[in-house]
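Data first, discussion second: the structure below is written as structure tokens.
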Amino acid sequence: MKEPAESSLDLERVKSVCILCWGLIGDVLVRVPTIEALKRRYPNAHFTVVVDPASRDALANHPDCNELFEFSRRKRPVWKYVRGTVANVLALRRRRFDLCVNLYSGGASPRITRLINARIRLGFDHTPALRRANNLRVKHPSLCGNWYKAFGTVLEPLGVSPDSIRAGTSFYCSATAHQFASELLGSQKQGLAAFNLGAGSADKRWPVEYFAALARHVWRSHSLTPLVFTNPGMAWLAQEFSGACEADLPVIHAPPLGLDQVAAVMERCVCVVTGDTSLMHLAFGLKRPTLAIFTHTRPELVAPEDCVNVTCFIEDPTNIDEQCGRPFGTRAIPVAVVAARFDELMIKIQRTNSSERSITLC
């Protein structure tokens, strides 16, 4: 069956939109600016965003997402995967979407795009399967630059300029989570610095003993009490941190929390100290001042333009990214270097607060 020409797709007549946005929480948050730009393009359309169940909370309270559709990609057990996939595809197909945008691109997403059968199917063109699945395509961008901008280029065929894509993400807390944070922290008056120690891979985790040494600097030089999050499956990190600190400084050890609760607690903190992980993107989305420690990945890939932040990164010349031709980073970032960068973050926070007060007075 021959696809209609692009000129006959009627890009203005879009009342329902399906966005394929599978991935981990950080992957989803990096794609939020694209969703927001698409909503500005079609402000009156109903947006259904397809996500992995584990990443649902990344968008649960976002005002541009009218509906979240959980679509599990777990392939075990096989019978459950097949049954669930068929049911989900049929449910989406029955919606008769005007537009389906594939922000995931990999795996079975091209096939699922075709089966959903939206009138307009938009995606990148870097594989034969994607070229067959979509009737509106755009060249896949280089991922050696800022990823917020890169993923947003998929919207160019709809008349959305890449310049309109914001480098930075968004996260919205629920009122329930705010109430939880108030109850957890109670009448805590001392300023808090949130510490996130975990990451999915070991090469993205700065050593716990380094974090503890940094916490001492934060307490002694800036009178900020460390609050350490407990990462799912990595509770030992927070326990080691608390054990290393308990002799000479106070530590608030947060219990395991949901993403919404973590976000609400972050909002009660002066700043966030984290590696390159989902909670870093969460801090960016909340516009919390952030010290981001990049021990493997490069900071320019996800640097936000709308959040006070300072990054720590030292190139490892022995470990080159073949795709982009640049060195990855190293975990061997000295505590003194990170402490100095934290001091820079505090100066930025003070300047921002002073500027905001001046604007208020005017």
Side-chain angles (χ1 to χ4, degrees), residues 1-14 16-24 26-42 45 47-51 64 73 92 97-169 281 297-305 320-326 328:
M1 179 178 175
K2 187 176 181 181
E3 295 286 359
E6 179 177 332
S7 58
S8 66
L9 291 176
D10 192 358
L11 301 181
E12 300 305 317
R13 185 172 58 85
V14 172
S16 59
V17 177
C18 176
I19 302 173
L20 303 184
C21 195
W22 286 293
L24 300 175
D27 299 324
V28 173
L29 289 174
V30 166
R31 289 164 171 79
V32 164
T34 303
I35 296 173
E36 293 172 340
L38 186 59
K39 188 67 173 181
R40 291 194 297 272
R41 175 68 173 87
Y42 297 111
F47 276 46
T48 299
V49 184
V50 178
V51 294
D64 288 347
R73 297 176 295 140
L92 291 169
F97 293 106
D98 291 313
L99 170 64
C100 178
V101 181
N102 186 357
L103 297 184
Y104 176 69
S105 296
S109 69
R111 187 181 310 112
I112 291 172
T113 296
R114 295 190 72 180
L115 292 172
I116 291 173
N117 197 35
R119 179 171 61 84
I120 306 167
R121 300 182 297 281
L122 170 61
F124 294 120
D125 68 352
H126 57 290
T127 68
L130 286 167
R131 291 193 289 272
R132 289 192 299 269
N134 298 302
N135 55 16
L136 196 61
R137 294 175 289 272
V138 65
K139 182 179 179 181
H140 192 274
S142 164
L143 293 180
C144 297
N146 188 278
W147 284 2
Y148 299 112
K149 299 280 189 179
F151 289 119
T153 61
V154 74
L155 303 182
E156 284 191 80
L158 301 176
V160 177
S161 168
D163 293 337
S164 69
I165 306 297
R166 175 170 55 96
T169 188
H281 296 287
T297 50
R298 298 187 64 93
E300 66 267 23
L301 300 179
V302 292
E305 61 188 7
I320 304 298
D321 177 1
E322 294 182 359
Q323 180 180 355
C324 299
R326 296 178 304 204
F328 287 114

Does CZ in R111 sit with more than 12 non-hydrogen atoms of other residues, nucleotides or ligands closer than 6.0 Å?
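Result for CZ/R111: open.
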
Pair E300-N146, side-chain contact (heavy atoms from CB on, under 4.5 Å): steps then yes or no:
CA-CA 6 Å; E300 66 267 23; N146 188 278; over 6 Å; no

Separation between [atom1] of [X] and [atom2] of [Y], rounded to the nearest 0.5 Å:
X: R137; Y: N134; atom1: CZ; atom2: CG; result: 7.0 Å
X: I165; Y: R40; atom1: CD1; atom2: CZ; result: 6.5 Å
X: N102; Y: R114; atom1: CG; atom2: CZ; result: 13.5 Å
X: F97; Y: T48; atom1: CZ; atom2: OG1; result: 4.0 Å
X: S105; Y: H140; atom1: OG; atom2: NE2; result: 5.5 Å
X: T127; Y: R132; atom1: OG1; atom2: CZ; result: 7.5 Å

One thing to verify: whether R41 and E12 come together as a salt bridge, which I'm taking to mean a side-chain N less than 4.0 angstrom from a carboxylate O.
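Salt bridge present between E12 and R41.
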
Carboxylate-amine/guanidinium contact R119 D98, below 4.0 Å
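A salt bridge links R119 with D98.
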
Give the minimum heavy-atom separation between [X] and [Y], together with the two atoms involved.
X: G168; Y: P33; result: O-CG, 2.8 Å
X: L11; Y: Y42; result: O-OH, 2.5 Å
X: P110; Y: A133; result: O-CB, 3.2 Å
X: L301; Y: G145; result: CD2-O, 3.4 Å
X: Y148; Y: H281; result: OH-ND1, 3.9 Å
X: P141; Y: F124; result: CD-CE2, 3.4 Å

Are [X] and [Y] close enough that some pair of their side-chain heavy atoms sits under 4.5 Å apart?
X: I35; Y: L103; answer: yes
X: P304; Y: T169; answer: no
X: I19; Y: F47; answer: yes
X: R326; Y: C144; answer: yes
X: V138; Y: L155; answer: no
X: F328; Y: T297; answer: no
X: I112; Y: W22; answer: yes
X: L158; Y: L136; answer: yes

Do C18 and C100 have their SG atoms less than 2.5 Å apart?
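No - the two cysteines, C18 and C100, have SG atoms at least 2.5 Å from each other.
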
Evaluate side-chain contact (heavy atoms from CB on, under 4.5 Å) for L38 paired with L99, printing each intermediate quantity in order.
CA-CA 11 Å; L38 186 59; L99 170 64; 4.2 Å; yes

Is a side-chain N or O of N135 found less than 3.5 angstrom from the main chain of I120, in a donor-acceptor match?
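No, the answer is negative, given that no donor and acceptor are paired below the 3.5 Å cut-off.
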
